[in-house]
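Below is one structure, written out as structure tokens, with a few remarks after it.
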Amino acid sequence: MSALLIKDILALPPDGREICTNGWVRTKRESKSVCFLEISDGSTIHNLQIVIDLPNNPLSNVISTISTGASIRVKGNLVPSQGSGQSKEIAAKDIFIYGTAPADEYPLQKKRHSFEFLREIAHLRPRTNTFGAIARVRSSMSFAIHTFFQERGFVYVHTPIITGSDCEGAGQMFQVTTLPLENVPMKEGTVDYTEDFFGKKASLTVSGQLEGETYALALTRIYTFGPTFRAENSNTSRHLAEFWMVEPEVAFCDIIGNMNLAEEFIKYILTWLLDKCADDMNFFNSRIDNNLIFTLENIIKNRFERITYTEAISLLEKSGENFEFPPKWGNDLQSEHERYITEKAFKKPVIITDYPKEIKAFYMKLNDDEKTVRAMDVLVPRLGEIIGGSEREADYDKLKNRMLELGLNPDDYWWYLDLRRFGTVPHSGFGLGFERLIQFVTGMQNIRDVIPYPRCVKTLEF
Ligand code: 4AD
Ligand code: MG
């Protein structure tokens, strides 16, 4: 008999049919007459109850070696449950132990563990309710993202992980080299990269955008969805050194079209989540944030606010709030500012556009005022920036000028500039931080808890 997943068993009627399943024991309760096992296989947030009538049962010996964490196979009949808490259970006829888990050593006993502690045993934390639910939500949201774009004619493009150009120009790249670090070849006082693997300096990508643009200017609608890397020295609850980014890029599209796409996209994937991951979302709503589902439903229902950076600054100045960093035109918005705007001023997601060019990347389209660029950031309550994007500079001379102003060498970006020489078109795109999204929809406080193995400053275990 082939084994069923617990999620499929729980959808069956308890009509006494014979069933076989596998799982890890969550709890064992025993009296003289009966033993109850709760088992989980991670296919759903729910456990399956196994009942073994004890007196004179040849399974007694097997049961005595089972404790929390043991892996077992169960055969039995699916019957209505007598107890409260579940509607069906398995009356066991046969139990096989794949592996035991010594009670004095297995760290995941029934008591609640702090997320900090669970980070230290990240190889076992997917066996807990919270981390199992996060893994399922991540998986479903990935599928939602692909479905949203595929349904709309976007082509999925695989942009390179190793790159020779710095997309954001922020110098936060991890270098990739095969040069011996203890004896680096030098030439005229600097490192001789001609001796390196690629014959030039190479890094891990911070964004697939630039290469993505080359495909958008051939296929019109594209998206990338892959890992990105940033050597940011920020030890916060919203930053990872390795994270996943979704980056759509659309030709013949201005910043308004870009904002509309971002809003439609977020609403689509949130609707998908509440529909397809209802059990896991109810869990997050009851255990992590009691307002979670209400908040997400409101986001789906209401139009995102849209204001310019200049409007945002004046709103902050007039707020009467005592900010640690007083808002000032020209400075980047701080997290306290983002929270005021989304949580107090509008109580919903806000798209902020037209930032000062000095605080944004070189590729953004310059506005006629020559002071601001056509950037658009989507901010959400509690978290702040979840999406960063822009209309791109489509004019060859203006783009080259921006590079020179920022000290970038246009020769390094010759292929990117070529797009503006041959059939240039208005085009736009954005990047959604996948872990920020998962953090937002699950209510989890720390981004390190929404990716299986977080990589951060001075953190590289597993
Ligand atoms: O705003 P960012 O830097 O934009 C870009 O990289 C553009 N090239 C995207 C584009 O237009 N195609 O990053 C985009 C998003 C942020 O809004 C944030 O959600 C996430 O990526 N992000 C991070 N997430 C986790 N850890 C970090 N260190 C992050 N840095 C950015
Ligand atoms: Mg940004």
Check: residues 453-462 side-chain donor-acceptor pairs under 3.5 Å, at least two apart:
{"residue": "R455", "atom": "NH1", "partner": "E461", "partner atom": "O", "Å": "3.2"}
{"residue": "R455", "atom": "NH2", "partner": "F462", "partner atom": "O", "Å": "2.8"}
{"residue": "T459", "atom": "OG1", "partner": "V457", "partner atom": "O", "Å": "3.2"}

What pairs of residues pass the salt bridge (charged side-chain N to carboxylate O under 4.0 Å, His left out) test when at least one of them lies in residues 297-314, not counting sequence neighbours?
E263-R306, E305-K348
Listed once per pair and sorted, the ring-ring contact (aromatic ring centres under 6.0 Å, His included) pairs that draw on residues 327-379, sequence neighbours left out:
Y309-W329, Y309-Y355, F323-H337, F323-Y340, F362-Y413
Contacts of E343 that satisfy side chain to side chain donor-acceptor pair (under 3.5 Å) - sequence neighbours left out
R339
In short, side-chain hydrogen bond (donor to acceptor under 3.5 Å, both in side chains) pairs touching residues 394-404 with sequence neighbours left out are R402-E405
Can you run down the side-chain hydrogen bond (donor to acceptor under 3.5 Å, both in side chains) pairs that involve residues 193-205, sequence neighbours left out, and say none if there aren't any?
Q175-Y193, T177-D196, T178-D196, D192-T194
Results of ring-ring contact (aromatic ring centres under 6.0 Å, His included) for F131 - residues two or more places apart only
F115
Sequence-distant partners of E336, salt bridge (charged side-chain N to carboxylate O under 4.0 Å, His left out), two or more places apart
none
Could you pull out all residues at least two apart from D279 that satisfy side chain to side chain donor-acceptor pair (under 3.5 Å)?
H46
Distance to the ring centre below 6.0 angstrom and angle to the axis at most 45 degrees; does that hold for R152 and F148?
yes
Test of understanding: with side chain to side chain donor-acceptor pair (under 3.5 Å), list the residues that count as partners of D8, not counting sequence neighbours.
none
For S207, give me all partners under side chain to side chain donor-acceptor pair (under 3.5 Å), at least two apart in sequence or on another chain.
E247
Sequence neighbours excluded, the answer for ring-ring contact (aromatic ring centres under 6.0 Å, His included) partners of F117 is H113
